[in-house]
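Step one of this worksheet: look at the structure below.
Just so it is clear, the values below take in all heavy atoms, side chains as well, and ignore hydrogens, waters and symmetry mates. Indexing begins at 1, ligand by ligand and atom by atom, following the structure's order. Predicted, not measured: the structure shown is a model, and the values here were computed from it.
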Amino acid sequence: MRQVYLDYSATTPVKKEVLDAMLPYFSELYGNPSSLYSIASESKEALVKARTQVAELIGAQEKEIFFTSCGTEADNWAVMGTADALKDKGNHIITTKIEHHAMLHSCEFLEKHGYDVTYLNVDEGGRVNPADLESAITDKTILISVMFANNEVGTIEPIKELAGIAKKHKILFHTDAVQALGNVEIDVKDLGVDMMSMSAHKIYGPKGIGALYIRKGLRISNYLHGGAQENKRRAGTENLAGIVGFGKAAELARVNLDEHIRHSSELRDYLIEQVQEKIDHVYVNGTMEHRHPGNANLTFEFIEGEAMLLYLDMSGIAVSTGSACSSASLTPSHVLDALGIPVERIHGTLRFTVGDMTTKEDIDYVVDTLKKVVSKLREISSVSSEKGW
Ligand code: PLP
C-alpha cells in the first residue's frame with residue numbers, strides 16, 4: 001500500500017546528510033565537551049560549528065544561541081526566565097490565544113504564582129492586530145510573546161511590527177518560531193526580537209534538541225541549574241549528536257530555503273485546489289496571504305475529523321486533526337475556536353502539512369482517497385441523522 005506522510009508540522013524525517021553528520025558523535029567522537037583531553041576538543045569544535053550553523057539560519061551571532069532539549073524547553077525558559085529576572089519591574093505578560101501549549105501552559109503556571117497574563121484575540125485569519133497589542137500594554141508589562149507561525153492553521157504573524165511596538169515601550173519580545181524556522185526567511189536583527197524558540201525536528205533534524213536565541217547583552221534567569229554548560233546559562237551535558245544534527249539541518253534549511261518554500265507552497269496550493277474542485281462543502285481555515293508554505297487546514301462539513309483520520313490511516317495516509325500535541329484529546333482546538341470557527345465545523349477539520357519528500361502523485365492519491373472517505377462518511381452521517389441518532 002502507498003504510504004503518504006502529510007504531517008510535517010508534527011515532525012519531519014531526519015535527512016540522510018543530517019544522520020551522516022550525527023553518527024560519529026555516538027561512539028567515535030564521544031568525548032564530553034567539558035573535558036580537557038583531545039577527544040573532547042573535537043566535541044567542543046563540533047559544538048561551536050553547530051551553534052554557528054544555527055545562528056547563520058536566523059542572522060544571529062554564534063554566542064546568542066543556547067541549546068535546549070526541545071522547543072518546549074526554549075518556550076518555558078524564555079517566559080519563566082524573564083518572569084523571574086524582571087519580577088521587581090512588573091508581573092504582566094502579553095501573549096495570544098493561539099499559542100502552542102508550551103507557551104499557554106507556562107503562562108497558566110505563572111498565573112498561579114501571581115503573574116497576570118493577557119491572551120490577545122486574533123482575527124478570522126488568525127492574525128494579531130498590532131493595535132490590540134499596543135492597548136494591552138500596562139506599566140507592569142515585562143514580556144510580550146507572539147508565535148511566528150501557528151502550528152495548526154499556519155498563520156504567520158506580523159512579528160517585525162509587534163516587536164517594534166514592544167521596543168517602543170521598552171518591553172522584551174519573544175517569539176516561538178518552532179514552525180516558522182526553515183519555512184520563512186528569518187533575520188532576528190531585522191525583526192528586532194529579543195528571544196526566539198526553535199526546534200530541530202521540524203526542519204529534518206533529530207527530535208529532542210532545540211535552542212533559544214537570546215539577544216547579546218540580555219540576561220534572563222537560568223531555567224536549568226547545574227554545571228557550566230552553554231556559557232553557564234543552561235546546565236546539563238550537551239546532547240552532542242543532536243546538536244550536530246540540528247546544525248546540519250539548519251545549514252541545509254538555509255541553503256535550500258527558497259526551493260523548499262517553492263516546492264511546499266506549490267503542492268499545498270495544488271492540494272487545496274484539488275480538494276475544493278472534487279469535494280463539496282470544504283472550507284480553508286486561516287489566511288492564505290500570510291501562511292506557512294506547507295500548511296492546509298481544511299474543514300469538511302458534516303463529518304468528524306477523527307473518523308476521516310482513521311479511514312485515511314487505513315489507506316496509508318498520515319494527517320492530523322490539529323496540533324500533534326492535542327490530537328490525543330477530543331477537546332475542540334483552542335486555535336480554531338479563537339478564529340471564530342463554530343464547534344461543529346471544528347470537529348470536521350484536518351491539518352495537512354506537506355514537506356520536502358511530498359510529491360504531486362502523493363497529493364493525487366490523497367485527494368482521490370479523501371473523496372471516497374468523505375462521501376462514505378457523509379452517507380453514514382446522513383443515514384444516522386435521518387434515523388435521529
Ligand atoms: N511550539 C510550536 C509552535 C510547536 O509547533 C511545537 C511542536 O509541535 C513546539 C513549540 C514544541 O516543540 P518540541 O516538540 O521541540 O518540544
Pick out which of Asn297, Ile363, Val284 makes a side chain to side chain contact (heavy atoms under 4.5 Å, CB included) with Ile272. Val284

Could you tell me which atoms of ligand 1, counted from 1 in the order shown, lie closer than 4.0 angstrom to a heavy atom of Gln179? 3 (C), 4 (C), 5 (O)

Heavy-atom pairs closer than 4.0 Å: do any link ligand 1 to the side chain of Glu73, the backbone, both, or neither? neither

As an exercise, identify every atom of ligand 1 less than 4.0 angstrom from a heavy atom of Ser199. 13 (P), 15 (O)

Let me know which of Asn285, Leu339, Ile341 forms a side chain to side chain contact (heavy atoms under 4.5 Å, CB included) with Ile346. Ile341

Compare all side-chain heavy atoms of Phe148 with those of Leu191 and state whether any distance is below 4.5 angstrom. yes

Mark up the atoms of ligand 1 that fall under 4.0 Å of a heavy atom belonging to Met147, in ascending order. 3 (C)

With heavy-atom distances below 4.0 Å as the criterion, list the atoms of ligand 1 near Thr72. 11 (C), 12 (O), 13 (P), 16 (O)

Counting from 1 in the order shown, the ligand 1 atoms closer than 4.0 Å to a non-hydrogen atom of His201 are 13 (P), 14 (O), 15 (O)

Looking at ligand 1, would Met103 count as a contact under a 4.0 Å heavy-atom criterion? no

Nitrogen or oxygen of Gly71 less than 3.5 angstrom from that of ligand 1: yes

Quick check: do Thr11 and Tyr5 have side-chain heavy atoms less than 4.5 Å from each other? yes

Looking at the rings of His113 and Phe109, which for Trp means the six-membered one, are their centres under 6.0 Å apart? yes

Checking side-chain hydrogen bond (donor to acceptor under 3.5 Å, both in side chains) for the pair His292/Asn183: CA distance, chi angles, key distance, verdict? CA-CA 7 Å; His292 181 292; Asn183 286 297; 3.1 Å; yes

Check: Leu143 and Leu86 side chains under 4.5 Å, non-hydrogen atoms: no

Can you sort out which atoms of ligand 1 are near Asp75, meaning under 4.0 Å from one of its heavy atoms? 1 (N), 10 (C)

Numbered atoms of ligand 1 (with element) below 4.0 Å of Asn151, judged on heavy atoms: 3 (C), 5 (O)

